[in-house]
S.K.: 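Structure incoming, see below.
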Amino acid sequence: MKWLATVLSVGLLTTALIGCSNVNNNGEAEKGKANLETAKKLNIVNGKIEPTASFTTVMGENPGYKYREGESVTDNVFTRWVEDKFGVKIKALWTGGGTDGSYNTKLKLMLSANDELPDIISSANPDNTNLLIDSGKFMEVEEVFEKYASPTWKQALADIKDPWLPVTRDGKKMAIPGTGTDYGQANNVLWIRQDWLDKLKLKAPTSIEELETVMDAFVNQDPDGNGQKDTYALDFAMKDRMTSSLLGDGSWIFGLYGAMPERWYPGEDGKLQNGSILPGSNRA
């Protein structure tokens, strides 16, 4: 159950909404309340639910993610590990494209058609989060969070200013806010292939100058040994934002110069300045 309280959130604006299936438009979350009563009776032995419990959800798919042969976003080494380790089976009612907008579209159609709702929905889109909450089909989450969230998860939210504010309605907490951007995601590091370093008899760089030497060797000295000049020195995400990407994050180089773009910092006069225009970001 500690895992349940953490896996549902991906980023700062990501929220987890606990819902109920087949409720009426007046928002009477009777099934959600019944599920909560069932959760209170779960038999947890050494952190694992016995017998295995399950919950339904919906999932967004990223075409850039690759799985092992025979695996998918709904069935993979992670989902099987969760079931084996925690006694929790994840069942997806449906999947939708996470990059082409189809996931968001299917969410809206699901609500408008009064289709069966999953037990839990993760939303990284504030508009969708508000739509789901305002539908009246989701239960408040404070009791669940206080009972099952780990101390680490609770502290993560405590370290963020007003994390519950965007998901509170009439004093009720209607979704679990995410913490990714503020709680560790900004501490990304640079990963370098050790096998390539070994092949080219290089050491891991400790400065920008040494990194440039490694990058030159990676491009021009055939580190993968296939006899072709087809290797890249460095890769990181810059299509949608400069930092905090799930894969290929470039925060490490900006951190080296002391200023993160797309974030706000207090200046010498005490007023906030955007990191994108600070000298450190420009140097990087």
Side-chain angles (χ1 to χ4, degrees), residues 1-21 29 31-62 65-96 98 103 116-124 129 132 138-160 163-164 167 173-185 246-247:
M1 297 308 292
K2 291 181 179 179
W3 172 82
L4 282 178
T6 57
V7 75
L8 298 176
S9 299
V10 179
L12 179 62
L13 295 179
T14 302
T15 53
L17 300 102
I18 301 178
C20 52
S21 303
K31 184 176 179 181
K33 294 176 182 177
N35 288 343
L36 181 58
E37 291 302 316
T38 300
K40 292 178 180 178
K41 301 174 183 178
L42 289 175
N43 181 39
I44 302 176
V45 180
N46 296 324
K48 182 177 180 179
I49 300 173
E50 297 182 357
T52 297
S54 65
F55 71 81
T56 57
T57 187
V58 292
M59 296 181 177
E61 293 190 81
N62 188 325
Y65 293 170
K66 304 299 180 183
Y67 297 91
R68 295 177 180 176
E69 185 176 354
E71 294 187 347
S72 66
V73 66
T74 60
D75 179 20
N76 52 65
V77 63
F78 175 73
T79 59
R80 293 193 292 271
W81 172 79
V82 168
E83 184 173 356
D84 179 66
K85 177 72 173 177
F86 299 101
V88 177
K89 186 174 182 62
I90 306 171
K91 297 181 179 180
L93 297 183
W94 52 259
T95 63
Y103 174 82
E116 177 187 2
L117 294 177
D119 298 315
I120 296 173
I121 296 179
S122 292
S123 170
T129 301
L132 292 166
F138 291 86
M139 57 181 279
E140 55 186 298
V141 299
E142 185 169 11
E143 182 179 355
V144 175
F145 183 79
E146 291 301 322
K147 183 175 178 63
Y148 294 113
S150 68
T152 301
W153 186 246
K154 291 177 181 178
Q155 185 60 52
L157 287 185
D159 289 340
I160 302 174
W164 295 96
V167 295
K173 298 174 180 177
M174 301 303 298
I176 302 174
T179 63
T181 301
D182 280 59
Y183 200 67
Q185 190 170 320
L246 292 176
L247 295 174

S.K.: Taking the side chain as C-beta and beyond, is there a heavy-atom pair between Ser54 and Ile90 under 4.5 Å?
M.R.: no
S.K.: After noting the C-alpha distance and the side-chain angles of Met59 and Thr74, does the key distance pass the side-chain contact (heavy atoms from CB on, under 4.5 Å) rule?
M.R.: CA-CA 8 Å; Met59 296 181 177; Thr74 60; 3.9 Å; yes
S.K.: Is the closest side-chain heavy-atom distance between Trp153 and Tyr148 below 4.5 Å?
M.R.: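 The answer is no; the side chains never approach within 4.5 Å.
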S.K.: Quick check for you: to the nearest 0.5 Å, what is the distance between Thr79 atom OG1 and Lys89 atom NZ?
M.R.: 7.5 Å
S.K.: Could you go through the side-chain contact (heavy atoms from CB on, under 4.5 Å) check for Val144 and Met139 one step at a time?
M.R.: CA-CA 10 Å; Val144 175; Met139 57 181 279; 4.1 Å; yes
S.K.: Side-chain donor-acceptor pair under 3.5 Å between Thr152 and Ser150, yes or no?
M.R.: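 No donor-acceptor contact under 3.5 Å links the two side chains.
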S.K.: Decide yes or no for Val73 and Tyr67: does some side-chain heavy atom of the first lie under 4.5 Å from some side-chain heavy atom of the second?
M.R.: yes
S.K.: Given side chains that start at C-beta, do those of Val88 and Thr52 come closer than 4.5 Å, heavy atoms only?
M.R.: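 No; the side chains remain at least 4.5 Å from each other.
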S.K.: Using a strict 4.0 Å threshold on nitrogen-to-oxygen distance, state whether Lys66 and Glu71 make a salt bridge.
M.R.: no
S.K.: Should the ring pair Trp81 and Phe86 be called parallel, tilted or perpendicular, given that the plane angle runs from 0 to 90° and is split at 30 and 60?
M.R.: perpendicular
S.K.: What heavy-atom pair brings Val167 and Ala175 nearest, and what distance separates the two atoms?
M.R.: CG2-O, 3.3 Å
S.K.: Yes or no on side-chain contact (heavy atoms from CB on, under 4.5 Å) for Val141 and Trp164, after CA distance, side-chain angles and deciding distance?
M.R.: CA-CA 11 Å; Val141 299; Trp164 295 96; 4.0 Å; yes
S.K.: When you look at NZ of Lys154, are more than 12 heavy atoms from neighbouring residues, nucleotides or ligands closer to it than 6.0 Å?
M.R.: yes
S.K.: Kindly say whether Glu50 contributes a backbone atom to a donor-acceptor pair with the side chain of Asn43 at under 3.5 angstrom?
M.R.: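 Checking the backbone N and O of Glu50 against the side chain of Asn43, a donor-acceptor pair under 3.5 Å is found.
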S.K.: Leu157 and Phe145: side-chain contact (heavy atoms from CB on, under 4.5 Å), yes or no, with the steps?
M.R.: CA-CA 11 Å; Leu157 287 185; Phe145 183 79; 3.5 Å; yes
S.K.: Do Ile121 and Val58 come close enough that some side-chain heavy atom pair is under 4.5 Å?
M.R.: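 Ile121 reaches Val58 side chain to side chain.
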S.K.: Less than 4.0 Å between a side-chain N and a carboxylate O, is that true for Lys173 and Glu140?
M.R.: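 Not counted as a salt bridge, because no side-chain N and carboxylate O are separated by less than 4.0 Å.
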S.K.: Quick one: OH on Tyr103 to CG on Asn62, what's the gap to the nearest 0.5 Å?
M.R.: 13.5 Å
S.K.: Apply the side chain to side chain contact (heavy atoms under 4.5 Å, CB included) test between Thr56 and each candidate in Leu93, Leu117, Ile120; give the one that qualifies.
M.R.: Leu93
S.K.: Check this for me: Lys48, atom NZ, are more than 12 non-hydrogen atoms of other residues, nucleotides or ligands nearer than 6.0 Å?
M.R.: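 Yes.
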S.K.: Taking all non-hydrogen atoms of both residues into account, name the closest pair between Ile49 and Ala53 and its distance.
M.R.: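 In terms of heavy atoms, the two residues are closest at CG2-CB, 4.0 Å.
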S.K.: Do Asp75 side-chain atoms and Ser72 backbone N/O form a donor-acceptor pair below 3.5 Å?
M.R.: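 Here the side-chain-to-backbone pair does not exist.
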